[in-house]
2 protein chains.
Amino acid sequence: MTLIQGTDPRTGEPVGEAYAATTPDELEALLAAAAAAAPSYAASEPCVRAGLLRALADRLDENAVALAELGSLESGLPLGRLTGEVGRTSGQLRLFATVVEEGSYLEATLDPAVPTATPPRPDLRRVLVSLGPVLVFGASNFPLAFSVLGGDTASALACGSPVLAKVHDSHPGLSATVLDLAATVVAEQGLPAGVIGAVRGNDAALTALRDPRIKAAGFTGSTHVGRMLFDAASSRPDPIPFFGELGSINPTIVTPSAVAARGAAIVDGYVDSFTLGTGQFCTKPGLLFLPRGHGLADALAARVGAAAPAPLLNARIRTALDDGVAALSAAATRLAGGEDAPAEGSWASPSVFVTSAATVAADPAVAEEVFGPVSVVVEYDDLDDLAVALRSVEGSLTATLHVEDDDSLPLDELVGLVAARAGRVLFNGWPTGVAVSWAQTHGGPWPSTTSAQHTSVGATAIRRWLRPVTFQDAPDAVLPASLRDANPWGLPRRLDGVLVLP
Amino acid sequence: MTLIQGTDPRTGEPVGEAYAATTPDELEALLAAAAAAAPSYAASEPCVRAGLLRALADRLDENAVALAELGSLESGLPLGRLTGEVGRTSGQLRLFATVVEEGSYLEATLDPAVPTATPPRPDLRRVLVSLGPVLVFGASNFPLAFSVLGGDTASALACGSPVLAKVHDSHPGLSATVLDLAATVVAEQGLPAGVIGAVRGNDAALTALRDPRIKAAGFTGSTHVGRMLFDAASSRPDPIPFFGELGSINPTIVTPSAVAARGAAIVDGYVDSFTLGTGQFCTKPGLLFLPRGHGLADALAARVGAAAPAPLLNARIRTALDDGVAALSAAATRLAGGEDAPAEGSWASPSVFVTSAATVAADPAVAEEVFGPVSVVVEYDDLDDLAVALRSVEGSLTATLHVEDDDSLPLDELVGLVAARAGRVLFNGWPTGVAVSWAQTHGGPWPSTTSAQHTSVGATAIRRWLRPVTFQDAPDAVLPASLRDANPWGLPRRLDGVLVLP
């Protein structure tokens, strides 16, 4: 029997009990429950789903201290960060309650019949409906915000899709606690138990991914595992959408003007950003493009050298970091860092390497993500040199420009270069903050995601779990409430091509 | 050298000249031109793209007679049908011009900065942008509306995506004419030639599908070919979205109440619908569920027996039809039809088979699409019997209910059953008409499409070629016009979560 055991990355010691992987019989019951719950949950009133999301948020907040303490033990992340993450997670659930109530996400569209057209046009009414049960793979690096009740789950529950969450092996105790809490809330709200369930273990998750009752999947993790799961979803007899957020190098470009205006502040912001959460943010700036002759090497070395070691999430990530650093050491020059870290647990010290834009263009492997507190400074000669290197860098969740209003480099050209290869373009900031809001995009071209067409953070993440259905000449009484003449839910709707607010 | 030669399906005789398949050098030039055109075309003003779409529509209409004549020769479809199809195609281009001008499709969303939030929220502005060049596979059955300037192309051009169209082997002459016309219009509009191009031959198309410069693909055709291309798109080192419309059985359910009220009219409508265009509509009703004891067999046999043979689009479809009819003959009972058709060309006579709901449930292969003028009557005993059979039927573009207001069967349950497995649900009509409008869905669960999340007909087809980009704390001057404070394009936008009309 496979056992899943949490470990304190600070000590390497086990935390709490060991959890058995989901058995085939248990998985069958979970899938059957999700499929059974799907039609009624998909058809539920917006207030039912908004009520569930708010109740889940409240329950998380009520248990914030206990959840943060348990999460910190299993992840090695600081208590303050995890307390903040509880708030991020509950805030995310509440945002989707608002999205459900506002109702634009349904894209309700009514085209009246035109009997005089050639051919006569029937009455057509379109709305988005749930695809069905969704499988969500929890991430290691955000044990709450991208896990059992994270953004994928919140957005799926919002639109009426039951969720089966794959618990990450790194935080089984926290996940079990969150699942218990969620199951209690689902029962209190009078909803079927199949609305949310969880599976443990890779075999059960892969079986679920291939099961015809699962209609879509969300994932946050490595490019290697994400690609394997994407291939499994795509090669089903009935392929399903797989929304994976994989590896992202998040290039950050600093112009000569920005170096001159605020080089020291840029060094501070960069080191803070790439070492935040022990460098385990999906949006960590992995490449810092600096103009040759930037004069910031000493300041960088001092800041990185002074940064304390910190625990990585688990031993596997530590091993992968060692491999990545070894590869970088062969391809680039270490500028600073890499001091010895404590031997127990999975500690790591930050490192910065330096290379040239020409090297990146010739060997893009230098510009691939190494998960953990490592980043690469890329020195460029001029705009052409920078552009050639950027064009060889893979797609990213973010790209950042540090520029001045009267910059010596042409901003339009820089924006065009980076907007073509990222889902979010930042100015004079750092990418490791990802606000949960209506306009956020946490997505981008391959390999940062498996589908650049969507986001996993922000209000529009809900679109991933929906498909359109059009009703033609339907009697009003059998239409979904969203499409009835009387508009009982007070939705924004498009009537005969014109958007009309309630 | 591979040659592509049009053939008159009525005679089997060649039509016009033979066209050489695209060579690797030609393909490289086409891909380079599309990629070079992409940034400026994506950034063009809405009036530029709307102007192009309307100019293309006008040019089609001006040449309607010549195009219909050439199309009829190569496809065997009647002249009147093809004249109508020119109008459908130009109407489609004009609808997308309206969509571009209206601007909701951009989903422009502005979240103002909240410096007092924890953590402080930056200014975030989201808009949808073109994915890049799109490869469009033309269909055999709509030589205009789903071909070089069909719906996939119109929707891609609308949002700023250059198009490379794979010409269908069945109508190379018509496609060459339409491409010439389009290229002339593109030049007249002062746009780069790479905005629209065409490739001939399967090898060139598959090479293009795997090329990193192609960012998405659209396809209408068989499940077999569509699956092969979907797999190629999904297995690229950088997978791309592949929007394929494949096989669809389009179940049509007639209740006992509907039979009693208007059985004879239903027989007429059904035979007209499944034989329309020689049964070569994607939305052909392939299954007609009738209550046992319907008493319509004689009327059906008489109508089908009286239907004249008609040419299929090409000899390959004729061979596949023969295979499909042979398989159906072994699994079901022929009710009527199948008379001898002319030996020259690729003529076929309509056929209707009959089977039971229990047979469909036990052997869903009986319920798989056979392309051409063939349909299967499925007799059911009661609602349970009907429901079990429907649950074994694959996903479809459409599902149709023939019901009465005071029906003896529960309408809510019937609607739930069919809405779960189709993209469009019709009441008391026939699915072979597909209006081009804002609310249309021409899509559905596998295998009717490779992505149930989208439509290939109607205004929202444009969403397939777009991805979001969010700008964080960007200076107003470098933002796309859609996101600038002044809203120069007069777009509907979401401001701080609230949808605001211009």
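Proteins come first, then strands; the chains are lettered A, B, ... in the order of their sequence lines, and each starts at number 1. Values below: all heavy atoms of this structure, side chains included; hydrogens, waters and symmetry mates excluded.
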Query - A/A439 to B/T470 - nearest heavy-atom pair and separation - result: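 Smallest heavy-atom distance, with atoms named: O-OG1, 2.7 Å.
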**Report entry** Heavy-atom closest contact (A/V469 atom, B/T441 atom, distance)
**Finding:**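 So the two residues come closest at C-OG1, 4.1 Å.
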Winner by heavy-atom pair count (cut-off under 4.5 Å) against chain B, out of [options]:
options: A/L411, A/L131, A/D231; result: A/L131
options: A/S234, A/G87, A/A435; result: A/S234
options: A/R121, A/H442, A/Q453, A/R125; result: A/Q453
options: A/R227, A/R88, A/R464; result: A/R227
options: A/A422, A/P122, A/G443; result: A/A422
options: A/P239, A/A452, A/S130; result: A/P239

Under 4.5 Å from a heavy atom of chain A, the part of [X] involved:
X: B/P431; answer: neither
X: B/P237; answer: backbone
X: B/A38; answer: neither
X: B/S451; answer: neither
X: B/E102; answer: side chain
X: B/H454; answer: both
X: B/W446; answer: side chain

Query - Contacts with chain B made by residues 492-502 of chain A (heavy-atom distance under 4.5 Å), listed by residue number - result: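 Counting heavy atoms that sit under 4.5 Å from chain B, the residues of residues 492-502 of chain A involved are A/P492, A/R494, A/G497, A/L499, A/L501.
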Can you measure from [atom1] ([X]) to [atom2] ([Y]) and round to the nearest 0.5 angstrom?
X: A/L401; Y: B/Q472; atom1: CG; atom2: CD; answer: 11.5 Å
X: B/R424; Y: A/L124; atom1: CZ; atom2: CG; answer: 7.0 Å
X: B/F427; Y: A/D123; atom1: CZ; atom2: CG; answer: 11.0 Å
X: A/Q440; Y: B/D111; atom1: CD; atom2: CG; answer: 8.5 Å

Would you indicate whether the side-chain heavy atoms of [Y] and [X] approach each other to under 4.5 Å?
X: A/V478; Y: B/D412; value: yes
X: A/T460; Y: B/R126; value: yes
X: A/R467; Y: B/P445; value: yes

**Report entry** A/D476, CG atom: more than 12 neighbouring heavy atoms under 6.0 Å
**Finding:**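 Counting other residues, nucleotides and ligands, CG of A/D476 exceeds 12 neighbours.
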Requested in this report: Could you look at A/P120 and say if it's the side chain, the backbone, both or neither that has a heavy atom under 4.5 Å from chain B?
Outcome: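 Looking at A/P120, nothing touches chain B.
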Query raised in the report: For A/A108, is it the side chain, the backbone, both, or neither that has a heavy atom closer than 4.5 Å to a heavy atom of chain B?
Result: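 For A/A108, neither part sits under 4.5 Å from chain B.
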